[in-house]
*Asks:* 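My questions will all concern the structure given below.
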Amino acid sequence: MQTHFTEEALKQPHIQEADRVLRSCVHCGFCNATCPTYQLLGDERDGPRGRIYLMKQMLENPDDSENVTEQTRLHLDRCLTCRNCETTCPSGVEYHKLLDIGRAEIERRVPRSTAERAQRYALRKALVEPKRFQALLKLGQTFKPLVPGKLKDKLPPKPVDAGTRPDHKRHARQMLILEGCVQPGLSPNTNAATARVLDRLGIGLTPVAEAGCCGAVDFHLNAQDDGRARARANIDAWWPHIEKEGEAGVEAIVQTASGCGAFVKEYRDILKDDPAYADKAKRVSELAKDLVEVLRDEELTSLEVSAGRRLAFHCPCTLQHAQKLGGAVEGVLVKLGFTLTPVQDAHLCCGSAGTYSITQPELATQLRDNKLNALEAGSPETIVTANIGCQTHLNGAGRTPVRHWIEIVDESLPPSAGSA
């Protein structure tokens with residue numbers, strides 16, 4: 001694609017990045033074939049190719065207020081950032097990087113209404129602090145009939161008890177775990193189950209209390225500086241553990257929510273221009289592993305599950321498109337003896353997409369219902385996934401129960417006498 005940026009504009013790092021991404025696009029349109037919003041709406045501007053043209057026009061014309069409008073922002077807002085288009089693209093266009101630049105620019109040039117700004121601010125402040133979120137969650141569960149609109153669907157019943165975690169210090173092999181911001185409240189058993197399963201593999205899982213939200217919520221709601229600040233805070237929290245040499249050093253930083261994992265792996269990119277953190281961010285991104293990457297590389301003979309259950313696996317977009325780990329969880333589950341039912345159009349987004357299910361509820365509900373129809377077609381007893389956002393969103397329909405896959409593995413294992 002030909003671009004028309006001025007020499008002065010190209011002195012700016014974000015314009016250089018946008019120019020690079022735009023020039024890699026050959027506007028073939030393959031991306032539209034797998035774009036969930038284009039499939040629902042049939043509007044070129046609601047597919048990746050159309051959005052690329054909108055962002056190109058906006059970035060090349062910094063003084064154009066006639067063509068850059070609220071309508072432009074709406075089409076960018078409707079993007080799920082699922083990155084399915086990147087998986088499909090034959091030219092390797094890094095669409096999500098251009099989208100981050102475009103969204104920051106449209107936010108600056110077309111300010112939102114007071115109501116929209118308030119909603120986004122409230123989401124950022126409510127979700128990213130675990131203690132605050134858990135307090136609000138308990139309040140919402142207590143007064144659920146009074147909770148407005150679609151937020152009521154986001155309130156799960158009382159979660160499965162987390163049980164006990166094994167003593168991580170007894171193992172020579174150590175990994176860190178990002179506890180997350182909403183997952184400890186919505187599904188506290190997920191990380192506890194992870195610790196118990198890894199304990200059987202001789203791996204200690206070390207929580208770091210100072211590490212908080214990964215930063216994705218802020219970053220993708222266009223508070224990008226706040227997202228970078230959270231990334232720096234996490235790096236500072238993890239760095240003393242990373243610096244240790246020899247057996248005391250950590251092998252990996254484990255994420256059980258694929259959305260968090262995808263973003264932590266992006267730290268190297270979002271902080272590449274920060275001289276104080278660029279090298280550390282690169283190291284953290286190298287150490288970041290989704291949970292399935294750990295199990296996939298281990299000998300699993302010590303995990304003897306009881307009679308395999310019939311499951312349908314929903315592969316989150318952040319796992320299959322962002323982290324390129326499609327099929328990995330399915331491979332581990334089959335190896336352990338579970339039966340997986342077929343899922344049609346498994347590449348399509350469920351509509352969760354971080355806060356998308358709240359900011360774009362109508363589209364998100366259509367995508368959720370389509371996804372559940374595909375997941376339930378093989379009559380599974382449970383649907384499993386790898387991301388708390390997808391899990392909560394799908395469960396909001398009140399249909400087949402949805403859980404994290406590691407919980408099913410954990411409860412299918414025979415009791416272990418020294419793991420508690």
*Asks:* Please walk me through it: do R403 and E411 pass salt bridge (charged side-chain N to carboxylate O under 4.0 Å, His left out)?
*Replies:* CA-CA 12 Å; R403 299 178 66 190; E411 64 188 35; 3.0 Å; yes
*Asks:* Evaluate the side-chain contact (heavy atoms from CB on, under 4.5 Å) criterion for residues T87 and K324: first the C-alpha distance (whole Å), next the side-chain angles of each, then the deciding distance (0.1 Å), finally the verdict.
*Replies:* CA-CA 8 Å; T87 298; K324 308 300 182 188; 3.5 Å; yes
*Asks:* Provide the closest heavy-atom pair for C35 versus G47 in the form atom of the first, atom of the second, distance.
*Replies:*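 The pair with the smallest heavy-atom distance is SG-CA, 3.9 Å.
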*Asks:* Ignoring hydrogens and angles, state whether a donor on the side chain of H321 or E86 is under 3.5 Å from an acceptor on the partner side chain.
*Replies:*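 Looking only at side-chain atoms, E86 and H321 do not form any donor-acceptor pair under 3.5 Å.
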*Asks:* Please check this pair: side chain of Q16 against backbone of L10, looking for a donor-acceptor N/O pair closer than 3.5 Å.
*Replies:*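 At least one qualifying donor-acceptor pair exists.
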*Asks:* Between E299 and K335, is there a salt bridge with N-O shorter than 4.0 Å?
*Replies:*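 Result for this pair is no, no salt bridge flagged.
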*Asks:* I want to check something: taking the side chain as every heavy atom from C-beta on, are I253 and K289 in contact at a cut-off of under 4.5 Å?
*Replies:*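 The answer is no; the side chains never approach within 4.5 Å.
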*Asks:* Salt bridge check, E116 against R73: does any charged N sit closer than 4.0 Å to a carboxylate O?
*Replies:*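 Between E116 and R73 there is a salt bridge, with a charged N closer than 4.0 Å to a carboxylate O.
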*Asks:* Identify whether the distance between the nearest side-chain nitrogen and carboxylate oxygen of E381 and R309 falls below 4.0 Å.
*Replies:*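 Here E381 pairs with R309 in a salt bridge, since their nearest N and O are under 4.0 Å apart.
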*Asks:* Is there a donor-acceptor contact under 3.5 Å linking the side chains of R51 and T72?
*Replies:*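 No, no side-chain donor-acceptor contact under 3.5 Å.
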*Asks:* State plainly whether the residues E129 and R230 are in salt-bridge range, i.e. N to O under 4.0 Å.
*Replies:*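 A salt bridge is present here (some side-chain N lies under 4.0 Å from a carboxylate O).
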*Asks:* Does a salt bridge link E243 with K280, judged by any charged N lying under 4.0 Å from a carboxylate O?
*Replies:*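 Looking at K280 together with E243, the answer is no, because their closest N to O distance does not fall below 4.0 Å.
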*Asks:* Taking atom types as modelled and ignoring hydrogens, do the side chains of T3 and D19 form a donor-acceptor contact shorter than 3.5 angstrom?
*Replies:*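 Yes, because at least one side-chain N or O of T3 sits under 3.5 Å from a partner of the opposite role on D19.
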*Asks:* Quick one, N373 with R399, criterion side chain to side chain donor-acceptor pair (under 3.5 Å). Give me CA distance, side-chain angles, the key distance, then yes/no.
*Replies:* CA-CA 10 Å; N373 290 340; R399 292 164 58 169; 2.8 Å; yes
*Asks:* With the side chain counted from C-beta on, respond yes when I235 and L271 share a heavy-atom pair under 4.5 Å apart, and no when they do not.
*Replies:*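 Touching, per the 4.5 Å side-chain cut-off.
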*Asks:* In the structure I gave you, are the side-chain heavy atoms of Q320 and L325 within less than 4.5 Å of one another anywhere?
*Replies:*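 No - every pair of side-chain heavy atoms lies 4.5 Å or more apart.
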*Asks:* Distance check, rounded to the nearest 0.5 Å: H168 atom NE2 versus L176 atom CG?
*Replies:*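 One gets 10.0 Å once the value is rounded to the nearest 0.5 Å.
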*Asks:* Looking at C315 and G326, what are the two nearest heavy atoms and their distance?
*Replies:*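 Answer, listing the atom of C315 first, then G326: SG-CA, 4.1 Å.
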*Asks:* Of all heavy-atom pairs between P13 and D273, which one has the smallest distance, and what is that distance?
*Replies:*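 That would be CB-OD2, 4.2 Å.
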*Asks:* Donor-acceptor pair, distance only, cut-off 3.5 Å: does the side chain of R120 make one with the backbone of A115?
*Replies:*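 Checking the backbone N and O of A115 against the side chain of R120, no donor-acceptor pair under 3.5 Å is found.
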*Asks:* With a 4.5 Å cut-off on side-chain heavy atoms, are L127 and T355 touching?
*Replies:*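 Yes; the side chains approach each other to less than 4.5 Å.
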*Asks:* Looking only at side chains, do S91 and S24 share a donor and an acceptor under 3.5 Å apart?
*Replies:*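 Side chains of S91 and S24: no pair found under 3.5 Å.
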*Asks:* Just by distance, no angles: are the side chains of Q391 and T385 close enough, under 3.5 Å, to form a donor-acceptor pair?
*Replies:*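 There is no such pair between these side chains.
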*Asks:* Does the separation of the ring centres of H220 and Y356 fall below 6.0 angstrom?
*Replies:*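 Between H220 and Y356, the centre distance exceeds or equals 6.0 Å.
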*Asks:* Apply the test salt bridge (charged side-chain N to carboxylate O under 4.0 Å, His left out) to residues R117 and E107: give CA-CA distance (whole Å), side-chain angles for both, the deciding distance (0.1 Å), then the verdict.
*Replies:* CA-CA 10 Å; R117 292 200 304 272; E107 202 81 11; over 6 Å; no
*Asks:* How close do L372 and A397 get, heavy atom to heavy atom, and via which atoms?
*Replies:*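 The pair with the smallest heavy-atom distance is CD1-CB, 3.4 Å.
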*Asks:* Check this for me, if you would: do R45 and D43 make a salt bridge, where the nitrogen-to-carboxylate-oxygen distance has to be below 4.0 angstrom?
*Replies:*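 A salt bridge links R45 with D43.
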*Asks:* Name the residue from R268, R228, R232, K282 that meets the salt bridge (charged side-chain N to carboxylate O under 4.0 Å, His left out) definition with D274.
*Replies:*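 Among R268, R228, R232, K282, the one that satisfies the salt bridge (charged side-chain N to carboxylate O under 4.0 Å, His left out) with D274 is R232.
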*Asks:* CD of Q119 to OG of S113: how many Å apart, nearest 0.5 Å?
*Replies:*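 The CD atom of Q119 sits 9.0 Å away from the OG atom of S113.
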*Asks:* Between CG of N387 and OG1 of T190, what distance do you get to the nearest 0.5 Å?
*Replies:*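 Separation between the atoms: 10.5 Å.
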*Asks:* What residues, two or more places apart in sequence or in another chain, satisfy salt bridge (charged side-chain N to carboxylate O under 4.0 Å, His left out) together with R20?
*Replies:*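 Expected list: E17, E94.
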*Asks:* For side-chain contact (heavy atoms from CB on, under 4.5 Å), just list the numbers for L41 and L363, CA-CA rounded to whole Å, side-chain angles, deciding distance to a tenth of an Å, and then say yes or no.
*Replies:* CA-CA 9 Å; L41 301 170; L363 290 174; 4.0 Å; yes
*Asks:* Does the side chain of L348 come within less than 4.5 Å of Q39's, by heavy atoms?
*Replies:*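 They are in side-chain contact.
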*Asks:* Check step by step if side-chain contact (heavy atoms from CB on, under 4.5 Å) holds for L319 and D290.
*Replies:* CA-CA 8 Å; L319 192 67; D290 186 88; 3.6 Å; yes
*Asks:* For the backbone of I408 and the side chain of S412, can you confirm whether one donor and one acceptor N or O come within less than 3.5 Å of each other?
*Replies:*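 Answer holds: yes.
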*Asks:* Find out whether I203 and V294 are in side-chain contact, i.e. whether some heavy atom of one side chain is under 4.5 Å from a heavy atom of the other.
*Replies:*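 Yes. Closest side-chain heavy atoms under 4.5 Å.
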*Asks:* With a 4.5 Å limit on heavy-atom distance, are the side chains of C31 and C89 in contact?
*Replies:*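 Side chain of C31 against side chain of C89, heavy atoms only: no contact under 4.5 Å found.
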*Asks:* Test side chain to side chain donor-acceptor pair (under 3.5 Å) on T359 and R78 and set out the steps.
*Replies:* CA-CA 9 Å; T359 60; R78 283 176 176 169; over 6 Å; no
*Asks:* Using side-chain heavy atoms (C-beta onward) and a distance below 4.5 Å, is D199 in contact with R170?
*Replies:*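 Side chain of D199 against side chain of R170, heavy atoms only: contact under 4.5 Å found.
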*Asks:* I need the L287 CG to E251 CD distance, nearest 0.5 Å.
*Replies:*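 Result: 10.0 Å between the selected atoms.
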*Asks:* Can you name the closest pair of heavy atoms from P207 and I177 and give their distance?
*Replies:*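 Minimum heavy-atom separation between P207 and I177: CA-CG2, 3.9 Å.
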*Asks:* Hydrogens and angles aside, do N191 and T256 bring a side-chain donor and acceptor to less than 3.5 Å of each other?
*Replies:*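 Checked: N191/T256 side chains pair up, N/O donor to acceptor below 3.5 Å.
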*Asks:* Determine the sole option in L123, D225, D226 for which the side-chain contact (heavy atoms from CB on, under 4.5 Å) test with D218 is passed.
*Replies:*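 The side-chain contact (heavy atoms from CB on, under 4.5 Å) with D218 is passed solely by D226 among L123, D225, D226.
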*Asks:* Enter the distance from L295:CG to L303:CG here, rounded to the nearest 0.5 Å.
*Replies:*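 Those atoms lie 6.5 Å apart.
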*Asks:* Verify whether one side chain among N395 and R368 offers a donor that lies under 3.5 Å from an acceptor in the other.
*Replies:*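 Judged by distance alone, the side chains do not pair up.
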*Asks:* Decide yes or no on side-chain contact (heavy atoms from CB on, under 4.5 Å) for H404 and N189, but give the supporting numbers first.
*Replies:* CA-CA 9 Å; H404 195 288; N189 188 48; over 6 Å; no
*Asks:* Where is the tightest heavy-atom contact between Y95 and C79, given as atom of each residue plus distance?
*Replies:*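 For Y95 versus C79, the nearest heavy atoms are OH-SG, 3.3 Å.
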*Asks:* Using modelled atom types only, decide if a donor and an acceptor are shared between the side chain of N84 and the backbone of T34 within a distance under 3.5 Å.
*Replies:*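 Yes, the answer is positive, given that a donor and an acceptor are paired below the 3.5 Å cut-off.
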